[in-house]
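The figures here come from the full heavy-atom set of this structure, side chains too, leaving out hydrogens, waters and symmetry mates.
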Amino acid sequence: MKKILAPVALLIGTLAFSQVEKDTIESKVKEIEEVTFVARKPTVESKVDRTVFNVANSSILAGNTTWDVLRMTPLVSIDNNDALKAEGESVTVYINDRKSVFTGKELKEYLQTMPADNLMKIEVITSPSSRYEASGSVINIVLKKRDDEGLKGSVTFNNRQNTQNSQYTNLNLNYHKKNFTQTLVGSYSDNVWVQKNSLLNTLYENNEVTKIDNDIIYKGKNPSISSTSEYEINDKNSIGAIFEFYKGIRSNSSETNAIIHENGNFDRSYIQNQTSSSTNPTFGTNIFYKYYDKEKNRILDVSLGTNYDAESDNSYYLKNTLTKTGATSVDEIGVLTDVENRNYYLKIDYTQSLGKSGGTFEVGGKMNFNNNVIPNSLYGILPNGLSKNDTFRYEDNINSLYANFSKTFFKKLETRIGIRYEYIDYKIGQDIAGTSRKDSYGSFLPNLLLKYSFSDKYDLSLTYNRNLWRPWYSEFNPFLLPRNDGLYTRGNMDLNPNPSDRIYMKFGFLKKYFLSARYTFTNQDYWTDYVVENGAKPEDKKTISQESNFTGNVHKYFLYANTNQSFLKNKLSVNFSFGWNYIDNSDFNERNDLKGDKYLSYWAGSSNLTYTNLFDKNINLSAWVEVSNQNNGNSYANKTNIFHNISATKIFPKTQMEFSLQLMNIFGRPNFDSTSFSQIGTFRNSSKSDWYGFSLTFVKRFGNQKVKENTKTDVEKNSGGGK
């Protein structure tokens, strides 16, 4: 209660102080002018193929990292494994149209080192064009581009109180002189994250019920630095280079207590303690050339790059087991891992307007090479069934070509038709076990966009996309490893990609209201599954989680209503979205012998509110709330989460300083509670997230903070139909 009352009192005090503070008429005029510049664009824009979250100079940025702002972006959700979703589907993350090499927890940690202060907007592209690599929806993070003369930047200090305390600091510098621009961003975070898990696993055979309580403390110190250099040779040609470095220095400890019953009788119990430490350095380089002819609307973009990341991890597990006979056993497992991942790519994109016809043609391609190595070594008192060491290798070459054609007919009908072809050749294997797989396949992935404007106030749009989601390299690794809850995990070398089709229709009226309907279909996918392997003794019995192929038709239907409103002379902006979701899993469950619900129906929605220049005192307020259910494949949500965030920022224009207070989920701590269904039983996991509490932030800016957006073609500006 004290943690809640303290920040609330501080917020009230800040508002009261700002209300009685007196400024000169001249300073008020300057402050209002600044606010007017911020409010030119609505906070949320709903376009044909994407939703755009305009966050530049918004109070929502203060005290947050890029990861935090993503969490509050419309249509975006994050599950208990820190995986990003858009409308419940997996996504690929781009930064300034450059694909990120990170996924899952690695992506979270990297984005937590990126200051939100550098964000221009976040595009949630639910119907991406063929220009994007085929992997479902796309989240494109667009950073600010400053090109005014001289040196400018900002420094940020943040202190966050969750269960324990965390700190974050950032230095953001930009220098521009004539044709040269240099940006340098450095960050450092020292985070502590606490999570409490409760698992209830029920195996159909012998009615075996396992109850597990698992407490984890994660600690991470993460320095990062990025540099972008760009030189304009002339008004049409420019070259540049991007360098990124990130290092994760992590440690975590966990304590697990478990008790197992069979047919209602005690069978065995165990206590497991685990500690681990790891380092994760990442380097990324990109050299690019851009040609842009404004008069003829021609764009050529060439990128050549490489990415390298590694992880050195040492984990230790001590497990004491007690059986119903009174026998005890001790497992002492140490795991050494030294991962190395290398990526090389060449990407070329070209855009050309087709003269007087008004059409735009895009064509391009990419060559992508990946080489991933995962060596694992086990030491200590190992239970039966565990291999002591092996090295897993994954190599692939993905070549792709695409073409898009966009044209407006009768000044009312906007169209875009595209096709993408991808061919992958990959091989995977283990050095010692000798298991291997080599495969290759090609895929055609069409897409279509239509938008008809009945008038300047009414329009109807339709999009279609064929998508393909491929397994991540580590999901193939079959080496058996312990988990921090006493269970085990491994990958599956037989995983297949997930193809899907999506049809999306949207009706917009009065430029403020939108009704949308979406249908997606797939007939195969891979999800987390469970298997049981018995040992010579009861204590050697292992429950193993792994990714498995699931066949069967899945139909998903979504109906949503959305509105973007501005009030009080554009000072108050409101975005509200609410919808109904329906999933038909009947064929999927029947084919895979799953006892989950055949039909799912649930509500979801979110709202963003921002108020600018409260009392004409340069106080900005923002609030966000989301109603979230997470139902994916063979996993069903047991609980509806209501996430919320409230923040207040006081700006001092003369000194270019900001103070911010942020309250996170103060009325209820998030609890991810879901049940996964397997042929052998049900597996329920309830995770209490540490995403709650409050944070205080100080920002000091210097220099001219004026920004401009990246230049794009007309079709991209008007309809969002392109990159």
Side-chain angles (χ1 to χ4, degrees), residues 1-19 43 53 55 57-74 76-78 108 112 115-117 119 156-170 189 191-196 571-576 605-615 617-628 640-651 657-672 688-699:
M1 179 61 70
K2 290 182 179 179
K3 290 183 179 180
I4 296 176
L5 292 178
V8 170
L10 182 57
L11 174 60
I12 295 172
T14 301
L15 296 179
F17 171 78
S18 302
Q19 179 67 28
T43 304
F53 191 30
V55 295
N57 300 310
S58 169
S59 60
I60 201 172
L61 301 183
N64 281 315
T65 65
T66 298
W67 177 263
D68 298 322
V69 176
L70 270 175
R71 186 68 186 85
M72 295 179 278
T73 299
V76 175
S77 62
I78 300 173
K108 173 187 176 181
Q112 281 182 326
D117 185 57
L119 292 175
T156 301
F157 299 97
N158 170 262
N159 186 275
R160 180 169 300 194
Q161 182 65 52
N162 303 117
T163 303
Q164 296 193 29
N165 193 260
S166 300
Q167 298 85 36
Y168 166 79
T169 186
N170 162 262
S189 61
N191 298 314
V192 182
W193 182 265
V194 178
Q195 185 169 310
K196 293 182 177 293
K571 286 189 174 183
L572 176 63
S573 297
V574 179
N575 172 262
F576 179 78
S606 67
S607 181
N608 286 276
L609 297 90
T610 59
Y611 191 96
T612 306
N613 202 24
L614 181 67
F615 308 133
K617 299 296 182 182
N618 281 297
I619 299 175
N620 296 336
L621 304 178
S622 69
W624 162 79
V625 63
E626 177 191 10
V627 178
S628 175
T640 298
N641 271 310
I642 301 178
F643 303 100
H644 54 278
N645 184 293
I646 305 168
S647 66
T649 302
K650 169 62 177 176
I651 304 173
M657 293 192 300
E658 298 177 10
F659 287 96
S660 175
L661 168 68
Q662 183 178 167
L663 308 176
M664 301 157 292
N665 295 308
I666 58 172
F667 300 114
R669 184 174 177 177
N671 186 357
F672 296 93
K688 288 188 176 180
S689 170
D690 207 20
W691 198 66
Y692 78 105
F694 70 93
S695 72
L696 295 171
T697 304
F698 166 78
V699 180

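With W193 as the aromatic partner, K108 meets the cation-pi criteria of under 6.0 angstrom to the ring centre and within 45 degrees of the ring axis.
Screening V192, N159, N191 against N165 for a side-chain contact (heavy atoms from CB on, under 4.5 Å) leaves a single residue, N159.
Of the possible donor and acceptor atoms, one in the side chain of K650 sits under 3.5 Å from a partner among the backbone N and O of K617. With hydrogens and angles disregarded, no donor-acceptor distance shorter than 3.5 Å links the side chain of N671 to the backbone of N641. For T169 (side chain) and T156 (main-chain N/O), a donor-acceptor pair under 3.5 Å exists by modelled atom type.
F157 is linked by a ring pair (Phe, Tyr, Trp, His ring centres under 6.0 Å) to nothing, counting only residues two or more places apart in sequence or in another chain. For the side chain to side chain donor-acceptor pair (under 3.5 Å) test, no residue two or more places apart in sequence or in another chain qualifies with N665.
Using a 4.5 Å cut-off on side-chain heavy atoms (C-beta onward), F53 and V76 make no contact. Here the side chains of N620 and I651 are in contact, with some heavy-atom distance below 4.5 Å. Proximity of D690 to R669: side-chain heavy atoms (C-beta onward) are separated by under 4.5 Å at one or more points. Put simply, the side chain of D68 reaches to within 4.5 Å of the side chain of W691, judged on heavy atoms. Using a 4.5 Å heavy-atom threshold, the side chains of T697 and Q662 count as separate.
Closest approach of N613 and N618 over heavy atoms only: OD1-N, 2.7 Å. Among all heavy-atom pairs drawn from P74 and S606, the shortest one is CA-OG, 4.3 Å.
Below 30°, between 30° and 60°, or above 60°: for F643 and F672 the angle between ring planes is between 30° and 60°, a tilted geometry.
Interatomic distance, H644 NE2 to E626 CD, rounded to the nearest 0.5 Å: 12.5 Å. With values rounded to the nearest 0.5 angstrom, L614 atom CG is found 5.5 Å from I619 atom CD1. One distance of note links OG of S695 with CG of L663; it measures 8.5 Å at 0.5 Å rounding. Between atom OG of residue S573 and atom OH of residue Y611 there is a gap of 11.0 Å, rounded to the nearest 0.5 Å. Note that CD1 of I646 and CD1 of I666 are 5.0 Å apart. Values are rounded to the nearest 0.5 Å. In this structure, the separation between CG on L621 and OG1 on T610 is 9.5 Å, given to the nearest 0.5 Å.
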Test log, rule side-chain contact (heavy atoms from CB on, under 4.5 Å), inputs L609 and F576
CA-CA 9 Å; L609 297 90; F576 179 78; over 6 Å; no

